[in-house]
Amino acid sequence: MAGAAIFDVDGTLTDTNHLHVVAWWEAFRQAGHTVPMPDIHRAVGLGSGDLIERLLGADRDPEQDEGISSAHTVLYGTYFDRLPAFRGAGDLLRTLAGRDWQVVLATSASGAELAALRRAVDADEVIRATASSDDVERGKPSAEPVELACRLAGVTPERAVFVGDTVWDMEAATRAGVGAVALLSGGIPRADLERAGADAVYRDVADLLDHLDDSPFGPGPG
C-alpha cells in the first residue's frame with residue numbers, strides 16, 4: 001500500500017471558495033457587519049466559529065455567531081445542486097486509488113454540504129473515508145483533521161500526503177507531520193502557501209495529475 005492521499009475539498013477538488021465568500025459576506029451583512037470580501041476569502045477553510053472570530057474579533061457579540069453561521073449555511077445551500085468540481089478532480093482520485101493510495105477527505109464541510117460536494121467530485125467509489133467537522137473538536141489549522149484522516153486510512157503520518165489550497169491546510173499538514181501539497185486553485189498566493197509549509201505547489205488538480213510521477217505521490221512510499 002502506497003499510503004494515504006488526504007484531500008481538502010473546497011478550493012481543492014471543487015471550485016467553491018468564492019461561493020463561500022459571497023455566502024459569508026451576505027450572512028455578515030444580514031447581521032449588521034460590513035466585512036471586505038478579500039478578508040473573507042483569506043479566512044475560507046477555517047471552521048465557522050474560527051472564521052467568525054477571525055473576521056469580527058474576539059470582542060464581538062458571540063450571541064450573533066450561531067445566527068451568522070446558520071445564515072451562511074442557508075445561503076450556501078442554494079448552490080448545492082450545481083457545485084462545480086475542478087476538471088480532473090475525480091480522475092486524480094481514481095488514479096491515486098489505482099496506485100494503491102488510500103483516498104481520504106479532510107474537510108470542514110459536513111452533512112448535506114459534504115454530500116453535495118461528493119456528488120460534484122463524483123468519485124465516491126474510491127474515497128475510503130472522510131474526516132469532517134462532525135468528527136473532530138478542532139478544525140484546520142489544527143492537526144486534528146489530518147491526524148484523524150491518517151488513522152482512518154490506517155497509516156502513519158510519514159506515509160501520508162495532504163493536498164489543500166489554503167494556508168490553514170498547509171499549517172495543519174505540517175503540524176500533523178504529513179507531506180503538504182498546495183494547489184493555487186483556491187486563490188491563495190504561492191508564497192503564502194510555501195511559507196505555511198507547502199512541500200510542492202501545483203496550479204490545480206489537473207496540473208497535479210499531469211505531473212503525478214514527479215510529485216510527492218510519485219513512485220515510492222508517501
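FYI, the numbering just counts along the sequence from 1. Hydrogens, waters and symmetry mates are skipped; everything else that's a heavy atom, side chains included, is used.
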Carefully, step by step, assess E194 and V201 under the rule side chain to side chain contact (heavy atoms under 4.5 Å, CB included).
CA-CA 8 Å; E194 290 176 339; V201 182; 3.9 Å; yes
So, [X] side chain and [Y] main chain: donor-acceptor pair closer than 3.5 Å or not?
X: D199; Y: G179; value: no
X: S70; Y: E66; value: yes
X: E171; Y: S142; value: no
X: Q102; Y: G154; value: no
X: T78; Y: V74; value: no
X: R175; Y: P141; value: yes
X: K140; Y: A106; value: yes

Which heavy atom of [X] sits nearest to which heavy atom of [Y], and what is that distance?
X: A27; Y: I68; answer: CB-O, 3.5 Å
X: V146; Y: A173; answer: CG2-N, 4.3 Å
X: L83; Y: Y76; answer: CD2-OH, 3.7 Å
X: Y202; Y: D214; answer: OH-O, 4.1 Å
X: L212; Y: S215; answer: O-OG, 2.8 Å
X: D91; Y: R94; answer: OD1-NH2, 3.2 Å

4.5 Å side-chain heavy-atom contact, [X] and [Y]:
X: D204; Y: L208; result: no
X: V104; Y: I127; result: no
X: L13; Y: L117; result: no
X: L56; Y: V35; result: yes
X: I6; Y: V161; result: no
X: M170; Y: T166; result: no
X: L184; Y: L193; result: yes
X: T95; Y: F217; result: no

T130 and S132 side chains, donor-acceptor separation under 3.5 Å
no
Check the side chains of D165 and S185 for a donor-acceptor pair under 3.5 angstrom, ignoring hydrogens and angles.
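Judged by distance alone, the side chains do not pair up.
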Hey, what do you get for [atom1] ([X]) to [atom2] ([Y]), rounding to the nearest 0.5 Å?
X: D169; Y: F162; atom1: CG; atom2: CZ; answer: 4.0 Å
X: N17; Y: T12; atom1: CG; atom2: OG1; answer: 7.5 Å
X: Q30; Y: H72; atom1: CD; atom2: NE2; answer: 12.0 Å
X: D15; Y: D10; atom1: CG; atom2: CG; answer: 10.0 Å
X: R60; Y: H33; atom1: CZ; atom2: NE2; answer: 9.5 Å
X: R42; Y: I188; atom1: CZ; atom2: CD1; answer: 5.0 Å

Please lay out, stage by stage, how D213 and R99 fare under the test salt bridge (Lys or Arg N to Asp or Glu O under 4.0 Å).
CA-CA 11 Å; D213 288 339; R99 296 186 180 191; 2.8 Å; yes
Under 6.0 Å from the CD atom of E125, do we count more than 12 heavy atoms belonging to anything else shown?
yes
Say whether [X] and [Y] are linked into one hydrophobic cluster, either directly or through other cluster members, by side-chain heavy-atom distances under 4.5 angstrom.
X: V205; Y: V126; result: yes
X: L105; Y: L152; result: no
X: W168; Y: W24; result: yes
X: L114; Y: V136; result: no
X: V44; Y: M37; result: yes

Mind running side chain to side chain contact (heavy atoms under 4.5 Å, CB included) on R151 and L148 for me, showing each step along the way?
CA-CA 5 Å; R151 292 197 299 274; L148 174 58; 3.6 Å; yes
Check against ring pair (Phe, Tyr, Trp, His ring centres under 6.0 Å), H41 and H20:
CA-CA 8 Å; H41 177 212; H20 276 296; over 10 Å; no
For S108, check side chain to side chain contact (heavy atoms under 4.5 Å, CB included) against everything at least two apart and list the hits.
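Applying side chain to side chain contact (heavy atoms under 4.5 Å, CB included) to S108 gives none.
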